[in-house]
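To start, the structure under review is shown below, and the notes come after it.
Along the sequence shown, residues carry numbers from 1. FYI, side chains are in, hydrogens and waters are out, and symmetry mates aren't considered; it's all heavy atoms of this structure.
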Amino acid sequence: MELFLDYKEADKILKILENIKVNITEEEILEILKIRKRWPKVYPMYNQPSIEVINITGYKTLSFFSDDGFLDYDKWYEIYQLGYTTIISNIIDIHKDLRKLSKTFLKELGFIPNCNLYLSRPGKRASFPAHHHNYDVFVKQIYGNSDWIVGDQKIKLSPQKTLISPKNVYHEVVSKNDKKMSLTMNIDSVAQYC
């Protein structure tokens, strides 16, 4: 498997992720999502949706935004309660543990990667079908467990553990049997936000 980063840099990121505990609860995220103006349909600066849901076919949907372009929390929450996985994008600033991680990345790597939270309950599809990116993706499980396939490896990710999906390697979450939250960091030469 070829990494976008060299192995020494990748190992450094894995160690950072393993050593910094991220203790965010579902309740904290639900409260943060109620800050309506924080969640526009699309972040203008990045042209990236702020919140997406992975629907039953494995594609993303934005059907829970109001006419004014901001999150309709009640509509979203109804979908979330059914077990659909939510992607909350560009979230490195929303919690003290994530801000600590952000400062560490800036110090150690010289940039802050694009970070997303995947929030889910049991009930529906675990994630996207097998897919790949042209950049490395690091994943830290915050709570809950999830079963992954990365390349030809099966990996059980438990709380506070990490994995890497190297660029161009197919990966997917194949099961989620309890509430779970994971943090993804996309190490891309273009998508570096500060």
Exercise. Do you know which of Val139, Val137, Leu17 makes side-chain contact (heavy atoms from CB on, under 4.5 Å) with Leu163?
Worked result: Val139
Exercise. Counting distance only, does the side-chain N/O of Lys156 pair as donor-acceptor with the main-chain N or O of Asp147 below 3.5 Å?
Worked result: no
Exercise. Asp11: what forms a side-chain hydrogen bond (donor to acceptor under 3.5 Å, both in side chains) with it, not counting sequence neighbours?
Worked result: Lys15
Exercise. Would you call Lys41 and Asp67 a salt bridge, using N to O less than 4.0 angstrom?
Worked result: no
For this session: Check the hydrophobic clustering (I, L, V, M, F, W, Y; side-chain heavy atoms under 4.5 Å; chains of links allowed) and say if Ile24 and Leu33 are grouped together.
Result: yes
Exercise. Between Trp76 and Asp74, does a side-chain contact (heavy atoms from CB on, under 4.5 Å) hold up when you go through it step by step?
Worked result: CA-CA 5 Å; Trp76 167 81; Asp74 293 331; over 6 Å; no
Problem set entry | Cluster overlap Leu157 with Ile54, hydrophobic side-chain contacts below 4.5 Å | no
Exercise. Does any donor atom in the side chain of Ser146 or Gln141 lie under 3.5 Å from an acceptor atom in the other side chain?
Worked result: yes
For this session: Quick one: list whatever passes side-chain hydrogen bond (donor to acceptor under 3.5 Å, both in side chains) with Thr104, sequence neighbours left out.
Result: none
Exercise. Mind checking whether Val169 and Trp148 sit in one hydrophobic cluster, side chains of I, L, V, M, F, W, Y counted as touching below 4.5 Å?
Worked result: yes
In a table with atom names and distances, give each donor-acceptor pair under 3.5 Å that connects a side chain of residues 122-129 to protein atoms at least two apart or in another chain.
{"from": "Arg125", "atom 1": "NE", "to": "Ser127", "atom 2": "O", "distance (Å)": "2.8"}
{"from": "Arg125", "atom 1": "NH1", "to": "Ile56", "atom 2": "O", "distance (Å)": "3.2"}

Exercise. Are any side-chain N or O atoms of Asp136 and backbone N or O atoms of Ile164, one a donor and one an acceptor, separated by less than 3.5 Å?
Worked result: no
Exercise. Is Leu30 close to Tyr77 at the side-chain level, that is, under 4.5 Å between some pair of heavy atoms?
Worked result: yes
Exercise. Aromatic rings His131 and His133: how do their planes relate, parallel, tilted or perpendicular, breaks at 30° and 60°?
Worked result: perpendicular
Exercise. Hey, is NZ on Lys100 packed in by over 12 heavy atoms from elsewhere, all under 6.0 Å?
Worked result: no
Exercise. Considering only heavy atoms from C-beta outward, does the side chain of Ile187 approach that of Asn114 to under 4.5 Å?
Worked result: no
Problem set entry | For Lys103, all residues meeting side-chain hydrogen bond (donor to acceptor under 3.5 Å, both in side chains), sequence neighbours excluded | none
Exercise. Taking the side chain as C-beta and beyond, is there a heavy-atom pair between Leu117 and Ser182 under 4.5 Å?
Worked result: no
Exercise. Under 4.5 Å between any side-chain heavy atoms of Asn55 and Ile79, yes or no?
Worked result: no
Exercise. Quick one: does Glu108's side chain have a donor or acceptor within less than 3.5 Å of a partner on Ile16's backbone?
Worked result: no
Exercise. Taking all non-hydrogen atoms of both residues, which atom of Ile142 and which atom of Pro159 are closest, and how far apart?
Worked result: O-CB, 3.8 Å
Exercise. Taking Trp39 for the side chain and Ile32 for the main chain, is one N or O donor matched with an acceptor at less than 3.5 Å?
Worked result: yes
Problem set entry | All side chain to side chain contact (heavy atoms under 4.5 Å, CB included) counterparts of Arg38, not counting sequence neighbours | Ile35, Tyr43, Asp93, Ile94
For this session: Indicate yes or no: at least one non-hydrogen side-chain atom of Met185 is less than 4.5 angstrom from one of Thr162.
Result: no
Exercise. Less than 4.5 Å apart, any side-chain heavy atom of Tyr84 and any of Thr86?
Worked result: no
Exercise. Do any N or O atoms from the side chain of Lys140 and from the backbone of Val22 form a donor-acceptor pair under 3.5 angstrom?
Worked result: no
For this session: Can you measure from CG (Asp97) to CG (Leu101) and round to the nearest 0.5 angstrom?
Result: 9.0 Å
For this session: Starting at CD1 of Ile51, measure out to OG1 of Thr61 and round the result to the nearest 0.5 Å.
Result: 12.5 Å
Exercise. If you group Ile, Leu, Val, Met, Phe, Trp and Tyr by side-chain heavy-atom gaps below 4.5 Å, do Ile155 and Val173 land in one group?
Worked result: yes
Exercise. Are side-chain N/O atoms of Ser120 and Lys176 paired as donor and acceptor at under 3.5 Å?
Worked result: yes
Problem set entry | Any pair counted as salt bridge (Lys or Arg N to Asp or Glu O under 4.0 Å), so long as it reaches residues 24-33, sequence neighbours left out | Glu26-Arg121, Glu26-Lys179, Glu31-Lys34
Exercise. Taking only residues two or more places apart in sequence, or in another chain, which ones meet Tyr170 in a ring-ring contact (aromatic ring centres under 6.0 Å, His included)?
Worked result: His132
Exercise. Is a side-chain N or O of Lys180 found less than 3.5 angstrom from the main chain of Asn177, in a donor-acceptor match?
Worked result: no
Problem set entry | Set of side chain to side chain contact (heavy atoms under 4.5 Å, CB included) partners for Ser102, sequence neighbours left out | Ile92, Ile112
For this session: Apply side chain to side chain contact (heavy atoms under 4.5 Å, CB included) to Glu52 and list each qualifying residue two or more places apart in sequence or on a separate chain.
Result: Pro49, Lys60, Leu62, Ile87, Ser89
For this session: May I ask you to check whether over 12 heavy atoms, not counting those of Glu78, lie within 6.0 Å of atom CD?
Result: no
Problem set entry | All side chain to side chain contact (heavy atoms under 4.5 Å, CB included) counterparts of Val42, not counting sequence neighbours | Asn47
Exercise. If you round to the nearest 0.5 Å, how far is CG of Leu119 from OG1 of Thr85?
Worked result: 8.5 Å
Seminar exercise, completed: Sequence neighbours excluded, the answer for side-chain hydrogen bond (donor to acceptor under 3.5 Å, both in side chains) partners of Lys75 is none
For this session: With rounding to the nearest 0.5 Å, note down the distance linking OG in Ser50 to CG in Asn90.
Result: 9.5 Å
Exercise. Honestly curious: do Ile20 and Tyr143 fall in one hydrophobic cluster under the side-chain, below-4.5 Å linking rule?
Worked result: yes
Exercise. When clusters are formed from ILVMFWY side-chain contacts under 4.5 Å, directly or step by step, what else is grouped with Val174?
Worked result: Ile149
Problem set entry | Sub-4.5 Å side-chain heavy-atom contact between Leu14 and Phe138 | yes
For this session: Answer whether the closest heavy-atom distance between the side chains of Leu71 and Phe65 falls below 4.5 Å.
Result: yes
